[in-house]
Amino acid sequence: MKKFKVLGGRIVKTGIAVFLTSLICQLLNWPAVFAVITAIVTIEPTAADSIKKGLIRLPASAIGSAYAVLFIFLFGNSPITYTAAAVFTIVTCFRLKLHSGLLVATLTSVAMIEVIHSNYLISFFIRLGTTSIGLLVSTAVNMFVYPPNYSSLILKNIHSLARTTGIELENILKATLNGQKPKEKLIRDTFSQLKRRLDKTEMLIRFQKEESKYHRFDEQAKRVFLSEQEKLAALRLIHYHIGNLINTPLDTLLWSTEEKEKVLETVECLAAALKNSDKFNPEEHRRQIQALMAQFWKSKKEAAKPDSTDHPTFFTSEIIILYELLSIYNLVEDLLKEEATSEDMPSPSNS
């Protein structure tokens with residue numbers, strides 16, 4: 001799902017909710033402003049959020065309406081009435097942990113003051129009724145008009161994250177193994193951006209999971225959604241291992257030129273597979289894992305020698321790099337196998 005389509009769908013849903021809400025209020029001869037305000041702020045990313053927050057906003061709005069009626073009865077239409085209604089509504093909602101309804105309740109409270117002149121009890125119930133209309137209409141629109149489906153956007157993010165991960169891996173090790181100084185600021189900036197994008201994609205998966213409670217997945221959609229979660233989990237672990245590489249001192253490597261070239265070859269192949277899954281060759285991948293494993297055990301054996309002066313610690317930079325690369329290799333194999341499987345599946349849909 002493209003970004004502008006997500007935004008466009010939400011704008012359309014807001015417009016429909018506002019139109020239907022104001023139309024119902026007009027038919028009942030009730031003021032529509034409170035209902036419209038509620039309808040606008042109740043359009044959430046998922047129907048689940050609309051329902052969950054709607055159940056909080058209704059009692060919060062009742063609290064705001066009650067304070068408006070109380071303080072206009074005590075002080076009339078005056079600055080103290082606006083102040084007291086707003087402050088007491090905020091404090092009460094905060095104490096009752098009605099945080100999602102705080103904005104709607106406060107707006108309802110201060111807006112009511114201008115239109116209440118008599119019949120305070122009737123005014124209270126009318127305002128409560130208009131707020132309920134706004135909540136119900138916007139929730140229904142969110143459920144049945146353009147029901148949210150984040151699956152394609154999640155897949156797009158995962159592909160982009162895999163590509164950026166491959167670039168990051170190259171940036172960390174390629175320069176060092178070629179005898180150059182890595183661009184540390186660029187590496188750490190890219191690492192932070194990856195973290196934020198992983199978090200955002202995780203949030204989309206949470207939205208999709210919440211949405212599945214009200215728009216059931218068919219079997220195909222369930223498999224695709226499960227695959228998306230597994231891919232993101234693999235990318236999260238790869239990101240963790242890359243963080244370990246960033247914090248490993250790379251200026252003390254004792255590898256020979258030949259050993260550096262071997263590691264560099266595996267890094268380039270690994271990065272190429274991440275950047276373009278079509279370049280993933282399972283047999284070549286296995287061969288490189290075996291070569292890395294042999295080098296890993298050789299480095300461990302040399303570091304374990306009691307008379308080794310080149311390796312003052314058992315956990316040398318060489319051992320750490322090889323361990324992290326082996327871990328990433330295993331994760332990439334899982335990630336790209338899942339990729340190949342999911343690409344053969346048709347696009348998911350909600351039933």
Are the side chains of [Y] and [X] in contact, using a 4.5 Å heavy-atom criterion?
X: Gln26; Y: Leu23; value: yes
X: Thr190; Y: Thr164; value: yes
X: Ile246; Y: Ile242; value: yes
X: Tyr150; Y: Ile205; value: no
X: Asp49; Y: Phe207; value: yes

Should the ring pair Phe191 and His239 be called parallel, tilted or perpendicular, given that the plane angle runs from 0 to 90° and is split at 30 and 60?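 If you compare the ring of Phe191 with that of His239, the planes turn out parallel.
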Would you call the rings of His241 and Tyr323 parallel, tilted or perpendicular if under 30° counts as parallel and over 60° as perpendicular?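 Ring orientation, 0 to 90° scale: perpendicular.
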Could you walk me through whether Arg223 and Gln220 pass side chain to side chain donor-acceptor pair (under 3.5 Å), step by step? CA-CA 5 Å; Arg223 286 196 296 271; Gln220 179 60 38; 2.6 Å; yes
Over 12 non-hydrogen atoms of neighbours within 6.0 angstrom of CZ in Arg286: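 It does not: Arg286 CZ has 12 such atoms or fewer within range.
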Phe280 atom CZ, neighbour heavy-atom count above 12 within 6.0 Å: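 Yes, because the 6.0 Å sphere around CZ of Phe280 holds more than 12 heavy atoms from other groups.
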Taking transitive links into account, so neighbours of neighbours count too, which hydrophobic residues share a cluster with Ile90 at under 4.5 Å side-chain distance?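 Hydrophobic cluster check, Ile90: joined to Leu102.
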Starting from the C-alpha separation in whole Å, work towards a yes-or-no answer on side chain to side chain contact (heavy atoms under 4.5 Å, CB included) for Leu98 and Ile63. CA-CA 10 Å; Leu98 302 173; Ile63 290 167; 3.8 Å; yes
Quick one: do [X] and [Y] make a salt bridge, cutoff under 4.0 Å?
X: Glu259; Y: Lys262; result: no
X: Glu44; Y: Lys52; result: no
X: Glu284; Y: Arg287; result: yes

Do the side chain of [X] and the main chain of [Y] share a donor and acceptor less than 3.5 angstrom apart?
X: Thr130; Y: Arg127; result: yes
X: Thr92; Y: Thr89; result: no
X: Thr201; Y: Arg197; result: yes
X: Tyr329; Y: Thr266; result: yes

What distance do [X] atom [atom1] and [Y] atom [atom2] have between them, rounded to the nearest 0.5 Å?
X: Gln295; Y: Ile321; atom1: CD; atom2: CD1; value: 10.0 Å
X: Ile126; Y: Ser65; atom1: CD1; atom2: OG; value: 11.5 Å
X: Ser50; Y: Leu136; atom1: OG; atom2: CG; value: 11.5 Å
X: His159; Y: Leu235; atom1: NE2; atom2: CG; value: 10.0 Å
X: Ser327; Y: Leu322; atom1: OG; atom2: CG; value: 10.5 Å
X: Ile187; Y: Ser192; atom1: CD1; atom2: OG; value: 12.0 Å

Answer yes if the side chains of Ser109 and Thr106 hold a donor-acceptor pair under 3.5 Å, and no otherwise.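 Absent: no donor and acceptor within the cut-off.
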Is a side-chain donor-acceptor pair under 3.5 Å present for Gln208 with Ser151?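 Side chains of Ser151 and Gln208: no pair found under 3.5 Å.
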Run Ile80 and Leu74 through side chain to side chain contact (heavy atoms under 4.5 Å, CB included) and show every step you take. CA-CA 10 Å; Ile80 191 65; Leu74 294 175; over 6 Å; no
Dump the intermediate steps for side chain to side chain contact (heavy atoms under 4.5 Å, CB included) on Leu155 and Glu228, then the final yes or no. CA-CA 7 Å; Leu155 277 174; Glu228 288 169 347; 3.4 Å; yes
Any residue meeting ring-ring contact (aromatic ring centres under 6.0 Å, His included) with Phe73, in chain and number order, not counting sequence neighbours: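 Tyr120.
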What pair of heavy atoms forms the shortest contact from Asn247 to Arg188, and how long is it?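 Distance-wise, the nearest heavy atoms are OD1-NH2, 3.5 Å.
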Nearest heavy atoms of Ile43 and Ser138, plus distance in Å: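 Closest approach of Ile43 to Ser138, heavy atoms only: CD1-O, 3.7 Å.
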Under the criterion side chain to side chain contact (heavy atoms under 4.5 Å, CB included), I'd like the reasoning laid out for Leu270 against Gln288: C-alpha separation, chi angles, the key distance, then a yes or no. CA-CA 9 Å; Leu270 189 57; Gln288 289 168 348; 5.9 Å; no
